[in-house]
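First the structure, in the form of structure tokens, and then the observations on it.
Position 1 is the first residue of the sequence; numbering continues from there. On a predicted model such as this, the values are computed, not experimentally measured, just so you know.
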Amino acid sequence: MSLFNEYEIKMNLNDLQNISNLFSNTAKMPVLFLGHGSPMNAIEENQFVQGFRKAASEIPKPNAILCISAHWLTNGTKVTAMSMPRTIHDFGGFPQALFDVQYRAPGSPELAKETAELLEPVFVEEDHSWGLDHGAWSVIKHMYPEAEIPVIQMSIDYSKPPQYHFDLAQKLNKLREKGILIIGSGNIIHNLRLIDWRNINTVGAGWDWAIEAREKTNNWLLDGNFKNIIEYQNQGISLQYAVPSPDHYLPLIYTLGLKTSSDELSLFNDKLIGGSLSMTSVRVG
């Protein structure tokens, strides 16, 4: 056995012990990808927020939440490590009622540290300035409105390709055995430049290319064909329209990277809206 392999085994054992000291053993938690859509979903009552609540009701109450949001893109990987993350209103042009929302969930510096250690040898910076952006709080507030569950965020290293993020996610699987709910928050189909403004609030409205992209991605997800999901840029014009930039797509890759052979995969909130957005959400496990 090489010295590297011995070191890696010792590190894995140490990581597991550290997590054991933090959180009690649980049955393996599911993983979610949530299509978050418009920030207005934070304060509106519709079938999608009902879907978020239903998803929360069908899983064990988590000890903590780790969210990978489309709205925190960085060079390198960071994790929020403050005790009380601020609510970030990272948008403009919406009603004051949306800016008035404060989601005062605590953070977890301890979970941030353990997350960083699990991802070694990738360097993860412990961040004390970000907080919870709307990709996180706009959906989590519906699932856990009392804000009693600690929430941390992990950023997306925008310089890396999808396969990197898929592989990185696999290192986080031990957290699932400690009651940590890992949430990816984005949208599989997300092209704001091609929104059909006449049907901005019409559930089921989609351009032909969006309908095709939804059908393709849903089939790949349900068939376990993650290779095509990861290599989306090679899957034709409909996927190129659906994912003009990877920011909202990469949180899905993290969710899929956490799937093990014993996990089932299912879809919910599986609707197009506004022509060029999909609210399709995924449960793994």
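Under a hydrophobic-cluster definition in which Ile, Leu, Val, Met, Phe, Trp and Tyr are linked whenever side-chain heavy atoms come within less than 4.5 Å, directly or via other members, Leu258 and Leu181 are assigned to different clusters. No continuous path of ILVMFWY side-chain contacts below 4.5 Å connects Tyr254 to Ile59, so the two sit in separate hydrophobic clusters. Following chains of ILVMFWY side-chain contacts shorter than 4.5 Å, one cannot reach Met279 starting from Leu265, and the two form parts of different hydrophobic clusters. Taking hydrophobic clusters as Ile, Leu, Val, Met, Phe, Trp and Tyr residues chained together by side-chain heavy-atom distances below 4.5 Å, Leu277 shares a cluster with Trp197. Hydrophobic clustering of Ile, Leu, Val, Met, Phe, Trp and Tyr side chains at less than 4.5 Å, counting indirect connections, keeps Leu267 apart from Ile183.
Of all heavy-atom pairs spanning Leu221 and Phe226, the tightest one is O-CE2, 4.0 Å. Closest heavy-atom contact between Arg283 and Pro30: NH2-CG, 3.8 Å. Contact record, Phe48 with Lys271: CE2-CB, 3.9 Å, taken as the closest heavy-atom pair. Summarising the geometry of Thr87 relative to Tyr103, their closest heavy-atom pair is OG1-N, 2.9 Å, with the distance given to 0.1 Å. A pairwise comparison of heavy atoms in Ile188 and Tyr249 identifies O-CD1, 3.6 Å as the closest pair. Pro162 and Ile253 get closest at one heavy-atom pair: O-CG2, 3.4 Å.
Judged by distance alone, the side chain of Thr26 and the main-chain N or O of Gly179 form a donor-acceptor pair under 3.5 Å. Side-chain N or O atoms of Trp207 include one that pairs as donor or acceptor with a backbone N or O of Leu194 at under 3.5 Å. With hydrogens and angles ignored, the 3.5 Å screen pairs no side-chain donor or acceptor of Asn187 with any backbone N or O of Ile189. Of the possible donor and acceptor atoms, none in the side chain of Arg176 sits under 3.5 Å from a partner among the backbone N and O of Ala27. Proximity of a side-chain donor or acceptor of Asn199 to a complementary backbone N or O of Thr202 within less than 3.5 Å is not detected. Looking at Glu177, its side chain never comes within 3.5 Å of a backbone N or O of Asn173 through a donor-acceptor pair. Side-chain atoms of His142 never come within 3.5 Å of backbone atoms of Ile43 as a donor-acceptor pair (strictly under, hydrogens ignored). Side chain of Ser69 to backbone of Ser185: no donor-acceptor contact under 3.5 angstrom is found.
Evaluated for a side-chain contact (heavy atoms from CB on, under 4.5 Å) with Ile182, the options Leu32, Leu172, Ile65 yield exactly one hit, Leu172.
For Arg104, the salt bridge (charged side-chain N to carboxylate O under 4.0 Å, His left out) test picks out no residue, with sequence neighbours left out. For Phe268, there are no ring pair (Phe, Tyr, Trp, His ring centres under 6.0 Å) partners, not counting sequence neighbours. In this structure Asn219 satisfies the side chain to side chain donor-acceptor pair (under 3.5 Å) test with no other residue, sequence neighbours excluded. In terms of the salt bridge (charged side-chain N to carboxylate O under 4.0 Å, His left out) criterion, residue partners of Asp196 (sequence neighbours excluded) are, by chain and number, Arg198. Every residue meeting the salt bridge (charged side-chain N to carboxylate O under 4.0 Å, His left out) condition with Asp270, not counting sequence neighbours, appears here in chain and number order: Arg214.
Considering only heavy atoms from C-beta on, Thr77 comes within 4.5 Å of Leu168 through its side chain. No side-chain heavy atom of Val49 sits less than 4.5 Å from a side-chain heavy atom of Val139. Between Pro150 and Pro106, some side-chain heavy-atom pair lies under the 4.5 Å cut-off. Using a 4.5 Å heavy-atom cutoff, the side chains of Thr115 and Val124 are not in contact. In this structure, Leu256 and Ile229 have side chains that are in contact, with non-hydrogen atoms separated by less than 4.5 Å. Residues Met154 and Lys78 have side chains not in contact (no heavy-atom distance under 4.5 Å, counting atoms from C-beta outward). Side-chain contact between Met82 and Pro109 is absent, with no heavy-atom pair separated by less than 4.5 Å. Within the 4.5 Å cutoff, the side chain of Ser108 has heavy atoms near those of the Ile152 side chain.
The environment of Lys259 atom NZ is dense: over 12 non-hydrogen atoms of other residues, nucleotides or ligands sit within 6.0 angstrom. Around the CG atom of Asn75, the shell of radius 6.0 Å holds no more than 12 heavy atoms that belong to other residues, nucleotides or ligands. Heavy-atom neighbours of Tyr241 OH from other residues, nucleotides or ligands within 6.0 Å: at or below the threshold of 12. Counting heavy atoms of neighbouring residues, nucleotides and ligands inside a 6.0 Å radius, atom CG of Asn234 exceeds 12 of them. Heavy atoms of other residues, nucleotides or ligands lying less than 6.0 angstrom from NZ of Lys28 number more than 12. Counting heavy-atom neighbours within 6.0 Å of Glu215 CD, excluding the residue itself, gives a total of 12 or less.
Centroid-to-centroid, the aromatic rings of His36 and Trp137 stay 6.0 Å apart or farther. The distance between the ring centers of Phe91 and Phe99 falls below 6.0 angstrom. With ring centers used as reference points, His134 lies under 6.0 Å from His71.
Salt-bridge formation is detected for the pair Glu45/Arg53: a Lys NZ or Arg NE/NH1/NH2 atom is positioned less than 4.0 Å from an Asp or Glu carboxylate oxygen.
To the nearest 0.5 angstrom, Leu73 atom CG is 8.0 Å from Leu250 atom CG. Rounded to the nearest 0.5 Å, atoms CG (Leu132) and CE (Met84) are 9.0 Å apart. One distance of note links CD1 of Ile200 with OG of Ser38; it measures 7.5 Å at 0.5 Å rounding. Rounding to the nearest 0.5 Å gives a distance of 11.5 Å between NZ of Lys141 and CD of Glu146. Residue Ile149 holds its CD1 atom at 5.0 Å from OH of Tyr144, rounded to the nearest 0.5 Å. Summarising the geometry, atom CH2 belonging to Trp72 is positioned 8.0 Å from atom CD1 belonging to Ile88; distances are rounded to the nearest 0.5 Å.
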Requested in this report: Check the pair Lys160 / Asp167 against salt bridge (Lys or Arg N to Asp or Glu O under 4.0 Å), numbers first and verdict last.
Outcome: CA-CA 11 Å; Lys160 302 296 185 183; Asp167 295 340; over 6 Å; no
Query - Candidate pair Gln47 and Asn269, rule side chain to side chain contact (heavy atoms under 4.5 Å, CB included), full reasoning - result: CA-CA 8 Å; Gln47 64 180 279; Asn269 281 0; 5.8 Å; no
**Report entry** Intermediate values then yes/no, side chain to side chain contact (heavy atoms under 4.5 Å, CB included), Glu44 and Asn41
**Finding:** CA-CA 5 Å; Glu44 291 181 343; Asn41 285 321; 4.3 Å; yes
**Report entry** side chain to side chain donor-acceptor pair (under 3.5 Å) assessment of Asn46 paired with Gln50
**Finding:** CA-CA 6 Å; Asn46 56 47; Gln50 291 167 10; over 6 Å; no
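Checked by atom type, the side-chain pair Ser261/Asp263 shows no donor-acceptor distance below 3.5 Å.
Pairs passing the side-chain hydrogen bond (donor to acceptor under 3.5 Å, both in side chains) check and including a residue from residues 147-157, sequence neighbours excluded, read Lys61-Glu148, Thr74-Ser155, Asp133-Gln153, Asp157-Ser159.
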